[in-house]
2 protein chains.
Amino acid sequence: MNWSIPSNERSAWDRRVPYYLRIRDHFASLIEKGALVPATKLPSERQLSHRFEITRVTARQALMQLEAEGLIYREDRRGWFVSPPRIQYDPAANVSFSESVMAQGRTPGTTVLSTERIAASARESQNLGVKVGDPIFLIRRLRLIDGRAVLLEDIHVDAKRCPGLLDLPLDRSLTELMSEHYGISEYRPHIIMRPTALGESQAKALGVAPGAPSLYLSRIIYDQFDNIIEFDQEFWRHDALEICVDAGHRNVSPMQGDEAGHPVVDNRRL
Amino acid sequence: MNWSIPSNERSAWDRRVPYYLRIRDHFASLIEKGALVPATKLPSERQLSHRFEITRVTARQALMQLEAEGLIYREDRRGWFVSPPRIQYDPAANVSFSESVMAQGRTPGTTVLSTERIAASARESQNLGVKVGDPIFLIRRLRLIDGRAVLLEDIHVDAKRCPGLLDLPLDRSLTELMSEHYGISEYRPHIIMRPTALGESQAKALGVAPGAPSLYLSRIIYDQFDNIIEFDQEFWRHDALEICVDAGHRNVSPMQGDEAGHPVVDNRRL
DNA sequence: GGATTCATCTGGACTATACCAGATAAAATG
DNA sequence: CATTTTATCTGGTATAGTCCAGATGAATCC
């Protein structure tokens, strides 16, 4: 693969557009036109700085811009790679992670990182509707798509409501377990999402660089009696998902074609 | 205001935690405990590098981390400032920007950047349900909260469906205009959101640095007959909003207290 | 053949600069 | 007094290195 820009083009560059943005444009167009397929490894930072005649710092700036846009991602000390397509996530639809991922032709995975029985903190008790100090279960899981970690979740449940939960197979859908073993038939989530950045520990768990952009999602789930049965915190890789919401029911399904595939945004007029 | 970390603390630092993350922690805690109120100007990058005995590059790294988390923001060549609280946005509720902002005790604003009558491109025609080359209106607006630009929007409408739209007062709610003048009574939006980064032109319009993290939102709006009446593209400042979705109707309103105010995330166990 | 060692490659963090252009406020000018 | 000029401050971009630690694969040892 020939990565470089022809040298005559390079010499014609002036300073009106920063170098790092030109490098960005170069790779963005390669990715968007499909010349670079997902999971392709980009040249190393040192190679890039040689070929484009810039310093490594500037090369990194270009790579970090592409990362921020979700076009590429990095693996610590392994290199930079082209991002796989985002999965569509509808927070309003009560579809589990695994179902949703499989429905889109991808392979889901779950790793249980830890399970604990702890006393509820002020925050946890408030969000779970229990008293401070009451026993709660904390389950930490990593969710994968095609083998790549995309989200870290902390699940909090009232221990009294779900006795013995930690002895069940927790790599399965929690929703299923809750309905099968504890007679919870309805799920009414209240969801809050905000763009943020990963802290050190979350980043390590997801195998990404600390400070990487992320989508924070908190979910409070009510049952059919309006009791809180679950409080989740999720940290998503920002480039792994696309949030879809339909307000008001419609018979005709919306066109998906436009928004599918790589994050191509119409910039012509912007 | 005394910004600096005591020097004896500084000398005890070792290299297990990067400098830039310590500076981040320092300011994050000041902001979260309320010692630094929104819109406060931080010391300049050069001042920071002096006081913390680091280079400007490292100081910038810390500032950019805080920016990514939404705690601070920058104004080009003016400085770094503490972010105001996020506004809550429910994509499923058909509430206008202005209404929503006012309901949360803030002051909305709108600036119409441009209005055009153009021929639909391939992408635009598909998203609007018209033929390529058909006339459409393109309205570009900037939306403000308390005087700060938080979102850039491109509104596309079928010119045939809404004749004379551009002559109406476009700094008002589009929804109102549509219903008053064109008999559109129902709004059924299909919304897609994804975290991304701002390109050069969008960044300039919002007055932020290119590459700043952002939330991209596309909205296709259907009327009561399932005809597409509007196609929007929005670029939000990533630190300006918080997305709230309630799936399934509930009588009891969820507790908002926990998630209000500054983006405090429970990191204790992470 | 399988485990261990080691050189090499990669990104992560950092120093020490430099020059530029927009923003700002003080100083000079009419 | 209002306008214009100017010096200064700010972040934006870029160079040219350095040292470090994890990841990788080839060479070595048992």
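Please read these numbers as outputs of a predicted model, since none were measured by experiment.
The phosphate of C:dT10 has OP1 or OP2 within less than 4.0 Å of a side-chain N or O from A:Q47. Residue A:R78 has a polar side-chain atom (N or O) positioned under 4.0 Å from OP1 or OP2 of D:dT24. Taking side-chain N and O atoms only, A:T58 has no distance below 4.0 Å to OP1 or OP2 of D:dA14.
Per the geometry, CG belonging to B:L48 stands 12 Å off C1' belonging to D:dT10, to the nearest Å. Atom pair A:E53:CD and D:dA14:C1' shows a separation of 14 Å (rounding to whole Å applied). What separates NZ of B:K204 from P of C:dA23 is a distance of 11 Å, to the nearest Å. Rounded to whole Å, the distance from OH on B:Y73 to C1' on D:dG11 is 15 Å. Rounded to whole Å, atom P of D:dG17 lies 19 Å from atom CZ of A:R60. Distance, A:E75 CD to C:dC9 C1': 15 Å, rounded to whole Å. B:E45 places its CD atom 17 Å from the P atom of C:dA16, with the value rounded to the nearest Å. The distance from atom CH2 of A:W80 to atom P of D:dA23 is 16 Å, rounded to the nearest whole Å.
For the side chain to side chain donor-acceptor pair (under 3.5 Å) criterion with A:R60, the lone passing option out of A:E67, A:E45, A:Q65 is A:E45. Partner of A:Y216 under the side chain to side chain donor-acceptor pair (under 3.5 Å) criterion, out of A:Q233, A:Q202, A:R194: A:Q233 alone.
Taking 3.5 Å as the limit, the base of C:dA21 and the side chain of B:R77 contain a donor-acceptor pair of atoms between them.
Base contact: B:R46 has a heavy atom under 4.0 Å from a base atom. Residue A:T55 is in base contact, counting any heavy-atom pair closer than 4.0 Å across all strands shown. Note on B:R74: only backbone sugar-phosphate atoms sit closer than 4.0 angstrom, heavy atoms only; bases stay farther off.
Side chain of B:R86 to main chain of B:H238: a donor-acceptor pair is present (N/O by atom type, distance under 3.5 Å, no hydrogens or angles). In this structure, A:Q104 contributes its side chain and A:Q88 its backbone to a donor-acceptor pair below 3.5 Å.
For A:Q61, the side-chain atoms get nearest to D:dA14 when compared with the rest of C:dG12, D:dG11, D:dA14. Ranking D:dG11, D:dT13, C:dG11 by closeness to the A:Y20 side chain, first place goes to D:dT13.
Between A:S44 and B:R56, the residue anchored nearer the 5' end of DNA chain C, judged by the nucleotide with its closest heavy atom, is A:S44. Judged by closest nucleotide on DNA chain D, B:V57 is the one of B:V57 and A:D76 placed further toward the 5' end.
The cationic atom of B:R148 (NZ for Lys, CZ for Arg) lies less than 6.0 Å from the six-membered ring centre of B:Y73 and within 45° of the ring axis.
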